[in-house]
Structure formats: C-alpha cells, structure tokens
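Okay, structure first, notes after.
All ligand and atom numbering here is 1-based and tracks the order in the structure. Below, each value reflects all heavy atoms present in this structure, side chains not excepted, and no hydrogens, waters or symmetry copies.
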Amino acid sequence: MNSQYIETQAIRTQLERSDFLEHSNPLYLTSSFIFEDAEDMRASFAEEKKRNIYSRFTNPNTSEFVSKVCKLEGAEDGHAFATGMSAVFSTFAALLDSGDHIVSSRSVFGSTHSLFTKFLPKWNIETSYFKVNEVDKIESLIKPNTKVLYAESPTNPAVDILDLEILGKIAKKHNLIFIIDNCFATPYLQQPIKFGADLVIHSATKLIDGQGRVLGGVTVGRADLIREIYLFSRNTGPALSPFNAWMLSKSLETLVVRVDRHCENALKVAEFLETNINVSWVKYPFLKSHPQHEIAKKQMKLGGNVVAFEVKGGIEAGRKFLNSIQMCSLSANLGDTRSIVTHPASTTHSKLSLEDRLETSITDGLIRISVGLENVNDIIEDLQQALNVE
Ligand SMILES: *Cc1c(COP(=O)(O)O)cnc(C)c1O
C-alpha cells in the first residue's frame, strides 16, 4: 500500500502475514531463526538472501518498526537500537575514524554532550560547537577533518529552533554527513531529510512510544551510511528487543492523533503562561513571540509538545514551583501521555556551571513542561495554582 498520507503509512506498513493471517502484527520473541539445510545457512550468512538469522542482527519486529520509521521520514533504510543513546553512539562509532572532527549545535541532549566531551575524545574525535543563534559561525568551525554536522531542533530543554535548510546547505557545500536528532519533532511534524539531512535519529522512548513504557532508538537515512551502522550494531550488540519493537510499531499507528492533541494542548498551555504575572517569558515554537517562530513555521507542521518558561524569582522560585505541582509528574522523561514538569537548573543540569548553563539557555528559573494528553483545563489549572503559591 503506497499511500502519500503519514497516518496510513504508520498503520498499513506491514511485513508479510504468517500462515495464521493474524490482523494485528504478532510478536516474534525468538533469539534466532532456523535454516533449511547447509546451503540455506551458507547463503544466508553470505547475505545472498535477505532473511533473519539472529535477533542481534535483525528480527521481524525490529524490521517492521524500522520500515515504518523509514516510510514516515522518507528514508532509504534504517536500523533500530535499544535506546536513543545507543542510536546516537552507534551512528558516530560506525561512521567516524580516529582524528575525525564533528561540528555540533551546543544545545544537544545531555548524554549526547557527554559523548562529545568525555567519550569520543578517547578515540581522538573532537567536537566544536555553535550556539543556536550563531548559525553564521558554523562555516568558520569546519576543518579539513570535519566529517559530521550535528544538531537537534527543537532543542532540549529550551525549545530553540535551528534552520534545517541552512544547515543542510552548509553540510552539502562542505561535503559533511548531516545528522539531525528529530526526537522533539517526530517524523509527523518535521522530516529533516527534505532539508538535506543524511541521517535522522530518534529516541523512540519519547513521543514515538508516547506512553512512557519502553526504551528504543532508531537511525534512518542514506542506505550506504545505514549499512555501516548496521554492521557496527550487528557486531557490538545494542539491538532493540523484539518486544519493545512490537510496542513501538503499534505506538506509531497512533502517532498522528496523539501528537496533534499534544500540540493543541501545548499551544493552549503556552498561551495561558504568557498571561501569568509570575512568568517572565514563555518559549514555544508556534507562539509568535518565539525568536525563531518563522523558521519553526517553515519546517514544522505544529509546535511540538514541549513548552519552556521562566518563572520569576530564580532557582528558589523554580524549586518552589515544582514542589507546588499537584497533578503533573516530576520526571525526567518527556513525550508521555502524562504531563511532566522539570526544573533543569536544580536537577538535570545542576552540575553545569552557570556559564555553561546559560550557553544552552538554561536560566535559573527555566521550567520545561512536556504537555501530555490530560484535559488541557486540568493541566492549566495545575500550573496556575503552582505559579500562584506564595
Ligand atoms: C531522550 C533523548 C535522547 C536519548 O534517548 P534515550 O532513549 O533516553 O536513550 C536523545 N536525544 C534527545 C533529544 C532526547 O530527548
């Protein structure tokens, strides 16, 4: 079924049915697959036929999940991983050699930043950073050994937007592998390959699962690069479990309706926050006041489910706000059906110096809300009472 519509693709992309003609796709909980005879086994290992051998390599459930994500992102091929971070790590480990250099946005997921600063340097791979408002400086960071241009948009936790079209052009001009972590947008809201991305990475743990149940990751994009990433994964073992793949594939079937409501709720929450006197500013890509609103409109279908705002009164006010929240969860996850609030300066980013925090727009009173699917009136009521506590 070759539909142009993402809803249909997410629901009707299916591997072959078994002899049982099941309607819902079955779960293949098996670590390995059997061969007819010695010749079948030889040909399978020689990759003369495409078939499952061992679930560290491929499994019908992971293949189905990957083929759906490829359809939604418009990608040639892909590979699934146990977590978003194993997708990020495996992508770099498979493609980079000792002595290579990365140019990356400074506003990247915390563990990705640790990978760049603490682990990749062990293999003599260095990273230079640009700030989200310094896209014009990217070209000056590119060196003869630069191999990758890397970014996230929207960024975590400050929901800044980077112009993917501009980044894509720079990557093309300098022959760099352009990689986007598309976790906050999902393939429904934004398809980076259209803007020149060679690879797109997702933490499927977030909006793709969308229900806070399983971990997963996936990298999709150019087939030649995916081949290298697949071989790295096949030999080093960060495979997605068949069970999680089965869950994630089912979750994709409801991605569009969930994300539509997430975005509708998030916009209402953002508009409410703009009117509250205890809030000094609100950032949401589809608010007119967002500094990169025009870029967001150009490259995203809707604004996503994360809203950032600054509560007046700094670190203490941020802590007090968290302590006053009644319904929303205090949790490190995002993209769940349940609304989640975090205060990065006193929690996830508390180990950073004030200077480093400000580099990534993490101000003292910054609150990040992952707006869930509860009735938006309840979400707003909870935020309102927590903001008004003296
Ligand atoms: C959560 C997250 C990751 C890491 O994913 P895990 O599944 O937790 O390993 C990577 N990038 C972004 C933007 C994320 O939000």
Quiz prompt | Backbone of Glu64 reached by a side-chain donor or acceptor of Ser67 within 3.5 Å | solution = yes
Self-check item: From CD (Glu381) to CD (Gln385), nearest 0.5 Å
Solution: 8.0 Å
Tell me which donor-acceptor pairs under 3.5 Å the side chains of residues 176-199 have, and how far apart each pair is, sequence neighbours excluded?
| unit_1 | atom_1 | unit_2 | atom_2 | d |
| --- | --- | --- | --- | --- |
| Asp181 | OD1 | Cys183 | N | 3.1 |
| Asn182 | OD1 | Gln190 | NE2 | 2.9 |
| Asn182 | ND2 | Glu73 | OE2 | 3.0 |
| Asn182 | ND2 | Gln190 | O | 2.8 |
| Thr186 | OG1 | Tyr188 | N | 3.3 |
| Tyr188 | OH | Asp260 | OD1 | 2.7 |
| Tyr188 | OH | Asp260 | OD2 | 3.3 |
| Gln190 | NE2 | Ser153 | O | 2.9 |
| Gln191 | OE1 | Lys194 | NZ | 2.6 |
| Gln191 | NE2 | Leu72 | O | 2.6 |
| Asp198 | OD1 | Arg222 | NH1 | 3.3 |
| Asp198 | OD2 | Phe178 | N | 2.8 |

Quiz prompt | Whichever hydrophobic residues join Phe45 through chains of side-chain contacts under 4.5 Å | solution = Phe35, Met41, Ile53, Tyr54, Phe57, Tyr230, Leu231
Practice problem: State which residues pass salt bridge (Lys or Arg N to Asp or Glu O under 4.0 Å) with Lys137; sequence neighbours excluded, sorted by chain then number. | Solution: Glu134
Practice problem: Please determine if Lys250 forms a cation-pi arrangement with Trp246, meaning its NZ or CZ atom is less than 6.0 Å from the six-membered ring centre and no more than 45° off the ring axis. | Solution: no
Short N or O separations between ligand 1 and the protein, below 3.5 Å:
| unit_1 | atom_1 | unit_2 | atom_2 | d |
| --- | --- | --- | --- | --- |
| ligand 1 | 5 (O) | Ser203 | OG | 2.9 |
| ligand 1 | 7 (O) | Gly84 | N | 2.8 |
| ligand 1 | 7 (O) | Ser203 | OG | 2.9 |
| ligand 1 | 7 (O) | Thr205 | OG1 | 2.6 |
| ligand 1 | 9 (O) | Gly84 | N | 3.1 |
| ligand 1 | 9 (O) | Met85 | N | 2.8 |
| ligand 1 | 11 (N) | Asp181 | OD2 | 2.6 |
| ligand 1 | 15 (O) | Lys206 | NZ | 2.7 |

